[in-house]
Amino acid sequence: MRVEPRRSNVPWRGCRSIFLLPTSGRPGTGGRTMDHADNSDLEAMDIAVEPTDAVAYELARLRHSCAHLMAEAVQDLFPDAKFGIGPAIEHGFYYDFDLPRPLAPDDLEAIESSMRSNQARREPFSRQVVSRDEALRIFAENPYKVELIRDLPADEIITTYRQGEFLDLCRGPHVDTTGDIGPFKLLSIAGAYWRGDEKRPMLQRIYGTAWRSQDELDAHLERLQEAQRRDHRRLGRELDLFSVSEEIGPGLILWHPKGAMVRYLVEQFEQQEQLARGYDLVNTPHIASEKIYQISGHLETFRENMYAPMSIEEVDYYLKPMNCPGHIMIYKSRVHSYRDLPIRFAELGTVYRYERSGTLHGMLRVRGFTQDDAHIFCTVDQVVDEVRSVIDFAIHMAGVFGYEFQAYLATRPTKAIGSDEVWERATTDLIRAMQERGWSYKIDEGEGTFYGPKIDIKWVDALGREWTGPTIQVDFNLPERFDVNYIAEDGERHRVAMIHRTLLGSMERFVGGLIEHYAGAFPVWLAPVQAVIIPITDGQIEAAEDVKRQLERAGLRVEVDTSRDRMQAKIRNAQLQKVPYMLVIGKREEVARAVAVRPRSGPDLGAMSIDDFLAIVQPRIASHSLTLSDLDGTEA
RNA sequence: GCCGACGUAGCUCAAUUGGCAGAGCAGCUGUUUUGUAAACAGCAGGUUGCGGGUUCGAGUCCCAUCGUCGGCUCCA
């Protein structure tokens with residue numbers, strides 16, 4: 001199975017990654033993972049699908065045909081257009097064009113309507129085998145196609161496909177006629193570097209989606225809208241969770257009280273879990289002198305992501321981009337016996353990294369973030385066990401937040417420190433740990449860190465989107481560079497192994513993801529406000545305040561809505577704020593010393609005593625339940 | 001950083017071909033004291049992102065800049 005590297009600034013859009021058919025009979029490519037320059041394969045393959053899945057195959061064929069249909073329309077509109085590649089991708093397709101002018105939204109409509117009339121014409125797709133020279137002659141006017149042809153393996157059978165007036169270099173296969181393409185919609189225009197290389201020309205890319213039936217298309221468009229409704233930037237403002245300020249700077253998150261409460265609850269929970277698993281908490285400074293980053297190799301390999309140094313008494317100091325050097329220095333502050341190991345240092349460590357302006361995205365891609373970072377110092381023999389227990393920990397955390405997950409093994413990048421043997425060993429250890437855990441994993445070729453390979457765990461959220469979050473890295477390199485040792489049974493110094501890991505990734509990205517995962521409706525244990533008490537008239541404010549005090553004594557986060565809105569408006573506001581419980585108090589409840597409980601998710605539970613309400617809520621808080629009452633088993 | 005689009009009140013949006021910058025919600029004040037998703041009225045709110053330019057006159061046209069959005073590249 002071959003995996004295309006993810007390319008997107010939005011972490012979950014990584015699910016755009018696609019799977020290619022095995023390239024039987026193509027020497028030199030079997031089993032090789034695609035790299036960024038491998039788009040020629042994409043074009044040659046054209047159809048990109050999970051090999052086992054017939055439906056996916058059919059969809060991909062249809063979508064790739066739709067890309068051709070779109071290219072035909074673009075050619076009509078821009079006779080001078082030069083064509084790049086137009087593969088099927090997950091949920092749709094795109095095609096890259098070199099056009100004489102920028103596309104505008106109106107163009108999409110024109111292209112779409114031209115596509116529809118060509119679709120109605122039911123133009124057949126016809127395949128021709130051509131020689132390399134013929135192919136070069138046919139596409140002589142088109143430098144991109146020429147490049148693709150030149151890069152094809154010598155024994156490649158070169159084919160073209162024609163429908164109507166449009167002829168394309170293409171391996172196919174296609175549907176029989178344009179009439180078989182099914183309902184489609186063009187979605188967006190974007191720039192994209194030719195062959196993904198930022199040094200090469202930028203082409204205009206049109207994204208579209210196509211399905212077998214109108215119902216499937218409608219469902220997909222509905223999913224896109226749902227994703228928009230869940231956008232954490234929108235919910236972050238509406239629920240008053242966080243903001244960014246141009247004056248403070250882009251990519252720097254301001255956590256408002258409610259967002260900070262969610263973060264605090266996540267952090268507190270995780271810290272407790274860590275302490276229960278033999279971690280020690282540490283703290284390290286936000287800046288450090290250049291000396292440490294010379295030793296670590298950061299200045300060598302990570303400098304472009306680091307902020308410019310500040311000079312303090314003629315020594316350059318850097319904002320820390322990672323927490324590892326600090327933890328290493330804590331370890332090294334004294335001699336360690338093999339009996340001490342493993343030592344596990346955990347820190348909610350805030351790091352700053354320069355990210356290019358175009359990559360920033362709400363809380364999901366920022367310039368300052370807090371990692372739930374830990375470094376495990378252990379013997380080489382303990383690595384596999386430790387990695388395995390980190391994996392268990394990660395599974396546990398995923399379950400608490402209701403995520404499915406998928407593991408990726410990221411291997412040695414081009415820019416790396418350390419010998420081949422060391423990398424080999426670290427990679428093998430990671431694979432062993434995953435195998436012993438019974439995990440299947442995919443491979444992200446060359447996506448490891450500069451000091452070691454890693455397991456990236458990607459959450460799959462309620463909408464089926466993937467998020468890069470937790471990461472586990474085995475590192476034999478930094479211990480070497482920092483000369484990190486322990487005294488073994490033989491009385492000699494031995495090198496430690498290090499495991500870097502996060503379980504949630506960063507608090508920014510994790511909470512941002514949580515917002516979208518829960519659509520802002522946090523489970524009651526995470527909700528910044530767990531209950532709003534709604535007095536029906538001013539007469540019940542006192543009773544409401546009294547109830548609030550009782551609930552606060554029981555450890556709940558509660559507000560009283562003392563506004564002069566009518567009850568209906570108060571309920572609406574609480575509902576829009578996605579507060580788990582509304583506790584209505586009118587005259588009847590006041591007299592009965594009760595509250596009428598209305599969960600945001602379900603029907604009114606009627607009036608009950610405070611104790612009865614607590615009996616509903618407290619177990620759910622303690623168990624991190626996703627439900628608010630026995631009546632809603634499925635609320636997410 | 002690159003390609004494209006977009007920046008008007010706290011939020012969502014209006015404003016003919018360049019001709020006095022408006023509405024709803026939120027906010028404040030008053031009236032209403034209300035039974036499960038928006039009571040009524042009034043007031044206030046803006047150097048149209050920032051800086052230049054063209055013009056008698058710029059939210060509108062031009063240039064530059066900052067930011068946002070969709071992608072590309074890169075990443076927790």
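So that the names make sense, note that chain A is the first sequence line, chain B the second, and so on, each numbered from 1.
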It should be established whether [X] places a side-chain nitrogen or oxygen under 4.0 Å from OP1 or OP2 of nucleotide [N].
| X | N | value |
| --- | --- | --- |
| A:R200 | B:C72 | no |
| A:K458 | B:A76 | no |
| A:R365 | B:C74 | no |
| A:H361 | B:G70 | yes |
| A:S188 | B:G71 | no |

For every nucleotide of nucleotides 23-33 of chain B, 5' to 3': is a protein heavy atom under 4.0 Å from its base (B), only from its sugar-phosphate (S), or from neither (-)? --------BBB
Would you mind classifying the nucleic acid contact of [X] as base, sugar-phosphate or nothing, using non-hydrogen atoms under 4.0 angstrom?
| X | value |
| --- | --- |
| A:V366 | base |
| A:T502 | nothing |
| A:R588 | base |
| A:K587 | base |
| A:K199 | nothing |
| A:G191 | base |
| A:A574 | nothing |
| A:Q568 | sugar-phosphate |

Taking atom types as modelled, find out whether [X] and [Y] have a side-chain donor-acceptor pair closer than 3.5 angstrom.
| X | Y | answer |
| --- | --- | --- |
| A:T284 | A:K320 | yes |
| A:Y408 | A:E466 | yes |
| A:Q228 | A:Q225 | no |

Has the side chain of [X] got a donor or acceptor that lies under 3.5 Å from a partner of the other kind on the base of [N]?
| X | N | result |
| --- | --- | --- |
| A:R205 | B:C3 | no |
| A:E589 | B:G35 | yes |
| A:Y193 | B:G1 | yes |
| A:R509 | B:C75 | yes |

Taking the [atom1] atom in each of [N] and [M], what is the distance between them to the nearest angstrom?
| N | M | atom1 | value |
| --- | --- | --- | --- |
| B:A41 | B:G24 | P | 10 Å |
| B:G59 | B:G22 | P | 13 Å |
| B:C61 | B:G49 | P | 12 Å |
| B:U29 | B:A44 | C1' | 10 Å |
| B:G57 | B:A21 | C1' | 15 Å |
| B:G7 | B:U12 | P | 13 Å |
| B:G30 | B:C20 | C1' | 32 Å |

Indicate yes or no: does A:E226 engage A:R229 in a salt bridge with an N to O separation below 4.0 Å. yes
Which residue lies more 5' along RNA chain B, comparing A:G505 with A:I585 via nearest heavy atoms: A:I585
Using heavy-atom distances to pick each residue's nearest nucleotide on RNA chain B, tell me which of A:N573 and A:L103 is more 5'.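 Here A:L103 is the residue nearer the 5' end.
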A:K415 NZ: over 12 foreign heavy atoms closer than 6.0 Å: yes
Would you say that more than 12 heavy atoms from the other residues, nucleotides or ligands in this model lie under 6.0 Å from the CD of A:E404, or not?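 Check fails, neighbour count at 12 or below.
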Counterpart residues, side chain to side chain contact (heavy atoms under 4.5 Å, CB included), relative to A:L252 (two or more places apart):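 Partners of A:L252 under the side chain to side chain contact (heavy atoms under 4.5 Å, CB included) test: A:I248, A:Y352, A:R367.
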Between [options], which nucleotide gets closest to the side-chain atoms of [X]?
| X | options | value |
| --- | --- | --- |
| A:R237 | B:A76, B:U12, B:G71 | B:U12 |
| A:A192 | B:A38, B:C72, B:A76 | B:C72 |
| A:M567 | B:U73, B:U34, B:A37 | B:U34 |
| A:T359 | B:A76, B:A37, B:U73 | B:U73 |
| A:E355 | B:U73, B:A76, B:C72 | B:A76 |
| A:R353 | B:G70, B:A37, B:A76 | B:A76 |

Does A:F405 have A:K458 sitting over its ring (NZ/CZ under 6.0 Å from centre, angle to axis within 45°)? no
Verify the ring-centre separation between A:H500 and A:Y451: is it less than 6.0 angstrom? yes
Please list all pairs meeting ring-ring contact (aromatic ring centres under 6.0 Å, His included) that have one or both residues in residues 587-607 of chain A, counting only residues at least two apart or in different chains.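 Counting only pairs at least two positions apart or across chains, no ring-ring contact (aromatic ring centres under 6.0 Å, His included) contact touches residues 587-607 of chain A.
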Within the stacking criterion (centroid distance below 5.5 Å, interplanar angle below 30°), does A:F369 stack on B:A76? yes
